[in-house]
Novice: 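I'd like to ask you about the structure that follows.
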Amino acid sequence: QVQLVESGGGLVQAGASLRLSCAVSGRALSSYVMGWFRQAPGKDREFVSGINWSDDSTYYADFVKGRFTISRDNAKNTVSLQMYSLKPEDTAVYYCAARHKLINEYHIWGQGTQVTVSS
């Protein structure tokens, strides 16, 4: 079973950058699609970005295109989300997630890491 542990959240000012990391453990990772989601207070959890472990294809929500970059490191078994030009509305708990590529929904979740952007 794949397990996920996020790190890298924190408090930053608007316009700053922050890098989130997700340590991934488990087997057959090339069969998984990895993703980042976020949930702001009082709002539903929303998709931010995804990456296919096997071919590095990436996906982004429209609201982060050009500001966030997702990547993976095979040697370290990590998935990262580099965030630039952060805005107060990016404040949320960010979750790393995984789904087997034969399953449509993300079904494995990390514990989340808080990102707070002050104005």
Novice: Ring centres of Trp109 and Phe37 under 6.0 Å apart?
Specialist: yes

Novice: Can you list every ring pair (Phe, Tyr, Trp, His ring centres under 6.0 Å) pair that touches residues 48-77, not counting sequence neighbours?
Specialist: none

Novice: Using the test side-chain contact (heavy atoms from CB on, under 4.5 Å), find all partners of Ser54 that sit at least two apart in sequence or belong to another chain.
Specialist: Ser30, Asn52

Novice: Among Val48, Leu20, Ile51, find the residue that satisfies the side chain to side chain contact (heavy atoms under 4.5 Å, CB included) test when tested with Ile70.
Specialist: Ile51

Novice: Count the heavy atoms of every other residue, nucleotide or ligand shown that sit under 6.0 Å from CG of Asp44, and state whether that count exceeds 12.
Specialist: no

Novice: So do the side chains of Val117 and Glu89 get within less than 4.5 Å of each other, counting heavy atoms only?
Specialist: no

Novice: For Asp56, check salt bridge (charged side-chain N to carboxylate O under 4.0 Å, His left out) against everything at least two apart and list the hits.
Specialist: Arg72

Novice: Report yes if some heavy atom in the side chain of Val24 is under 4.5 Å from a heavy atom in the side chain of Thr78; otherwise report no.
Specialist: no

Novice: Salt bridge or not between Lys65 and Asp62? Use side-chain N to carboxylate O under 4.0 Å.
Specialist: yes

Novice: If you look only at pairs with a residue in residues 92-107, which of them pass as a side chain to side chain donor-acceptor pair (under 3.5 Å), with sequence neighbours excluded?
Specialist: Arg38-Tyr94

Novice: So, using side chain to side chain donor-acceptor pair (under 3.5 Å) as the criterion, who are the partners of Gln3 when residues are at least two apart?
Specialist: none

Novice: Under the rule for salt bridge (charged side-chain N to carboxylate O under 4.0 Å, His left out), what residues qualify as partners of Lys43, not counting sequence neighbours?
Specialist: none

Novice: Are the side chains of Leu18 and Tyr84 in contact, using a 4.5 Å heavy-atom criterion?
Specialist: no

